[in-house]
> 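Following this message is one structure expressed as structure tokens.
We number each residue from 1, following the sequence as shown. What you are looking at is a predicted structure, and each value in this text was computed from that prediction instead of being measured.
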Amino acid sequence: MFNAPYLQKKLTVEEMTKKAKAAGIVVPQENLERPINISCTAGILDAYVPPEGDARLSTLSKDGLKQRTEQLKQTAASQLAIRKIKNYDEDFSTKTFPGEAQEIFIEAHNCLTQFDRHKLHSLVTERCYPEMVRGNRYRTIRWSFVESLEPPRIVQVRCPEMVTKGNLYGQVTVRMHSKQTLIIYDRFGRVECGSEEPRDVLEYLVFERHMVNPYGLWRLHGKIVPSWAPPKDPIVKTVMLPGHELKPWQELEDVSMEKQELAPKQWYK
């Protein structure tokens, strides 16, 4: 008697495994695991909250006092983190590090414009790399660092433990106020975003290092965008309009754009 497939009893996973073993088929074991990278963290831990107005409020006002209180709390936590970092990195200094961080930032963006991915991996973390290169395959980026309006300075330092005790990661947030130029072209050479005129840019950049690794380096890990920041300019996308199909040896000017008239036809009854 023939039984339709949809009328047959469905086997459970255990029954299917037993049936496969009886037939001599080895069922590969599926491990629901995901590879992880321990050279950097997956995000920014205890992210710095930039004050609205960037410390332009008076300390005598109510909002200014709140802002000053939060800065004192963050300073106390940063001092403890600096002590932990100096246990592993004796050359770390809050006076010289902002200048080194600015050099890393400029060199990383120069490598991005030149598509030097091998050198870029040594300047940014594995978490920051895909965020920087995503969507840039068919684009041309022109970026330049004009000047620094204010000296870069450290606003927060954190040194948390991850996975196991003693596995420390140092994260330093640096405030940079500078003039930069950025212009992005699409694959057709049209401007998508930016202009050649320099703009004032205020950024809060996070640099990270795996402190336990003796060969670890300080690398760019991410950027903190405050909630009060103005929205970015929209990207103008290039679309293709339907038209004549050109041969490889033809130009658009050679093809007539006149409307083709239908040839008259003789209709018979």
> Which ILVMFWY residues are connected to Ile183, directly or by a chain of links, through side-chain heavy atoms under 4.5 Å apart?
Tyr185, Val191
> Determine yes or no for a side-chain-to-main-chain donor-acceptor pair under 3.5 angstrom, with Thr41 supplying the side chain and Gly43 the backbone.
yes
> Evaluate the criterion side-chain contact (heavy atoms from CB on, under 4.5 Å) for residue pair Phe145 and Gln102; output intermediate values, then yes/no.
CA-CA 10 Å; Phe145 185 87; Gln102 190 174 32; 3.1 Å; yes
> Walk me through whether Thr17 and Lys21 qualify under side-chain contact (heavy atoms from CB on, under 4.5 Å).
CA-CA 6 Å; Thr17 306; Lys21 285 183 178 180; 4.1 Å; yes
> Could you walk me through whether Leu120 and Val133 pass the side-chain contact (heavy atoms from CB on, under 4.5 Å) check?
CA-CA 10 Å; Leu120 187 61; Val133 302; 4.0 Å; yes
> How far does CG of Leu168 sit from CE of Met162, to the nearest 0.5 angstrom?
11.5 Å
> To the nearest 0.5 angstrom, please state how far the SG atom of Cys111 sits from the NE2 atom of His118.
11.5 Å
> I want to check something: taking the side chain as every heavy atom from C-beta on, are Trp143 and Leu112 in contact at a cut-off of under 4.5 Å?
no
> Determine whether a donor-acceptor pair (N or O, by modelled atom type, separation under 3.5 Å) exists between the side chain of Gln156 and the backbone of Asp46.
yes
> State, with a plain yes or no, whether a side-chain heavy atom of Tyr169 is found less than 4.5 Å away from one of Ile38.
yes
> Begin from the C-alpha positions of Thr12 and Glu14 and carry the test side chain to side chain donor-acceptor pair (under 3.5 Å) through to its verdict.
CA-CA 5 Å; Thr12 61; Glu14 295 178 356; 5.3 Å; no
> Please determine which of Arg209, Glu126, Arg127, His121 meets the side-chain contact (heavy atoms from CB on, under 4.5 Å) test together with Arg219.
Glu126
> For the pair Lys119 and Glu107, find out whether any cationic side-chain nitrogen is under 4.0 Å from an anionic carboxylate oxygen.
yes
> Just verifying a value: how many Å separate Ile106 CD1 and Ser178 OG, rounded to the nearest 0.5 Å?
8.0 Å
> Start with the C-alpha gap between Ser39 and His210, add the side-chain angles, then the distance that decides, and say whether side chain to side chain donor-acceptor pair (under 3.5 Å) holds.
CA-CA 6 Å; Ser39 62; His210 192 197; over 6 Å; no
> Going from NZ on Lys84 to CE on Met211, what distance comes out if it is rounded to the nearest 0.5 angstrom?
11.5 Å
> How far does CG of Asp200 sit from CG of Leu149, to the nearest 0.5 angstrom?
5.0 Å
> Sort out for me which residue in Phe105, Phe207, Phe97 forms a ring pair (Phe, Tyr, Trp, His ring centres under 6.0 Å) with Trp218.
Phe97
> Start with the C-alpha gap between Arg142 and Leu182, add the side-chain angles, then the distance that decides, and say whether side-chain contact (heavy atoms from CB on, under 4.5 Å) holds.
CA-CA 6 Å; Arg142 294 286 179 264; Leu182 173 66; over 6 Å; no
